[in-house]
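One structure is given here, and the rest of the page talks about it.
Note: hydrogens, waters and symmetry copies are ignored here, and every other heavy atom, side chains too, is used.
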Amino acid sequence: MNRLQSFTDHRPRLFGIAYRMLASRAEAEDLVQNTYLRWHALSEDEVLQIREPQAWLVTVISRLCVDRLRVLKRERENYTGPWLPEPLIEVDNQTPELMAEFSSDVSLAFLTMLERLSAEERAAFLLHQVFDVDYPEVAGMLNKTAAACRQLVHRAKERVQQDKPRFHVSRDHHRQLLQRFSVAAQSGDLKALNALFADDAQLIGDGGGKVASVNRVLHGASRISRLYHVIARNFALRMQFVEVNINGEPGLLRFIDGKLDGTVSIVSDGEKILDIYTVRNPDKLQAYQGMRIPTKNN
């Protein structure tokens, strides 16, 4: 067995599990590397005894993720302002992490909902619901009984479904709303902005205490519209929006003076924006800070 090639073949799935579990690209990459080191440290005899390398690797990274998520959840309790996942930005549709293993839902809205789960609930839910792992296998990975894992998934489903109903919106409708938003936010047109948002829309902004952002969830179309009106008044001539894919969905990058300032992701019912997520914490954008504005932009 070519050990390196075997690991490389399974790496996208390992990253997909770790990112969904931890909602952090950097943390996911660290645990994928840690999993490889454990794989590499096995003796040849130990490797030969492993019938299914993927199952072994998924088990290792799942347990590492559960342990790491327990620590991260405690840290996030002390986070300054709302906490959002670290976005995965894809400009050219070639980002490896967003290929086959990210064909299912990995939106910021979905990952944010998962934050209400315990570490073990999140692992069991993702392994079974997203990666189609049978309960007996999940039980082995989490060192629990199959019955206990069924209960974990059941509780996870109930907690996730407590959120707002999710709408199936075509990619074209999603992009059209984003384009209308970018034009209105660029101009600061209060009437156009207000028309975009549902009356009970909410904005969640993540500055992490590092940059200016809303310190709590902002509710209501009029309040959100006025915020973007004020931003445009101060930065319109220095601000540009560029459409990209963020976590597998159409989203926007906002540049100020040519430098990446933040990401914009939305949830909609196809007609109005229900939720808007903005990530401005520079720590979460660090991997993309060298990104330059493409020639064509919105």
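In terms of modelled atom types and a separation under 3.5 Å, the side chain of Trp39 and the main chain of Arg3 share a donor-acceptor contact. In this structure, the side chain of Tyr288 engages the main chain of Ile89 through a donor-acceptor pair within 3.5 Å. Judged by distance alone, the side chain of Ser187 and the main-chain N or O of Val183 form a donor-acceptor pair under 3.5 Å. Using modelled atom types, one side-chain atom of His174 and one backbone atom of Pro250 make a donor-acceptor pair closer than 3.5 Å. Put simply, the side chain of Asn281 gets close to the backbone of Asp283: a donor and an acceptor are under 3.5 Å apart. A side-chain donor-acceptor contact under 3.5 Å links Arg116 to the backbone of Arg159. Formation of a donor-acceptor pair under 3.5 Å by the Gln240 side chain with backbone atoms of Gly258 is not found in this model. A donor-acceptor distance shorter than 3.5 angstrom exists from the side chain of Asp206 to the backbone of Leu84, with no hydrogens or angles considered. Formation of a donor-acceptor pair under 3.5 Å by the Asn247 side chain with backbone atoms of Val106 is found in this model.
Taken from CG in Leu126 to CG in Leu111, the straight-line distance is 8.5 Å, to the nearest 0.5 Å. How far CG of Asp134 is from CG of Leu127: 11.5 Å, rounded to the nearest 0.5 Å. The distance from atom OH of Tyr277 to atom OG1 of Thr263, rounded to the nearest 0.5 Å, is 12.0 Å. Rounded to the nearest 0.5 angstrom, Leu72 CG and Asp67 CG are separated by 11.0 Å. Put simply, SG on Cys65 and CD on Glu27 are 9.5 Å apart, with the number rounded to the nearest 0.5 Å. With rounding to the nearest 0.5 Å, the separation of CG in Leu142 from CG in Leu152 is 7.5 Å.
Between Leu177 and His173 there is no side-chain heavy-atom pair separated by less than 4.5 Å. The closest side-chain heavy-atom distance from Arg171 to Asn245 is below 4.5 Å. The shortest side-chain heavy-atom distance between Arg38 and Leu64 falls under the 4.5 Å cut-off. Residues Phe15 and Arg25 meet the side-chain proximity criterion, which asks for heavy atoms closer than 4.5 Å. With contacts defined as side-chain heavy-atom distances shorter than 4.5 Å, the pair Gln289/Lys259 qualifies. Contact check for Glu243 versus Leu252: side-chain heavy atoms found under the 4.5 Å cut-off. In this structure the side chain of Phe197 never reaches within 4.5 angstrom of the side chain of Leu203, judged on heavy atoms. Looking at His219 and Asp200, their side chains never come closer than 4.5 Å, going by heavy atoms from C-beta outward.
A 6.0 Å sphere centred on CD of Glu271 holds no more than 12 heavy atoms belonging to other residues, nucleotides or ligands. Heavy atoms of other residues, nucleotides or ligands lying less than 6.0 angstrom from CG of Leu37 number more than 12.
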Report all side-chain donor-acceptor pairs from residues 46-56 shorter than 3.5 Å, counting only partners two or more places apart or in another chain.
from	atom 1	to	atom 2	distance (Å)
Glu46	OE1	Ser43	N	2.8
Glu46	OE1	Ser43	OG	3.3
Gln54	OE1	His10	ND1	3.4

Q: Please step through side chain to side chain contact (heavy atoms under 4.5 Å, CB included) for the pair Arg68 and Asp30, ending with a clear verdict.
A: CA-CA 11 Å; Arg68 183 59 185 151; Asp30 283 348; over 6 Å; no

Q: Give the C-alpha distance, both sets of side-chain angles, the deciding distance and a yes or no for side chain to side chain contact (heavy atoms under 4.5 Å, CB included) between Arg70 and Val66.
A: CA-CA 6 Å; Arg70 290 192 181 109; Val66 168; 3.6 Å; yes

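Using bins of under 30°, 30° to 60° and over 60° for the plane-to-plane angle, the ring pair Tyr228/Phe181 lands in the perpendicular bin.
Sorted by first then second residue, the side-chain hydrogen bond (donor to acceptor under 3.5 Å, both in side chains) pairs that include residues 143-157, not counting sequence neighbours, are Glu120-Lys144, Glu121-Arg155, His154-Glu158.
Listed here is the closest heavy atom pair of Val153 and Ala124: CG2-O, 3.5 Å.
Members clustered with Trp83: Tyr79, by chain and number, using a 4.5 Å side-chain heavy-atom cutoff among hydrophobic residues.
Between Lys73 and Glu77, none of the side-chain N atoms (NZ, or NE/NH1/NH2) sits under 4.0 Å from a carboxylate O, so this pair counts as no salt bridge. Here Glu115 pairs with Arg122 in a salt bridge; the nearest charged N to carboxylate O distance falls below 4.0 Å.
Side-chain atoms of Gln176 and Asp172 form no donor-acceptor pair, as typed in the model, at a separation below 3.5 Å.
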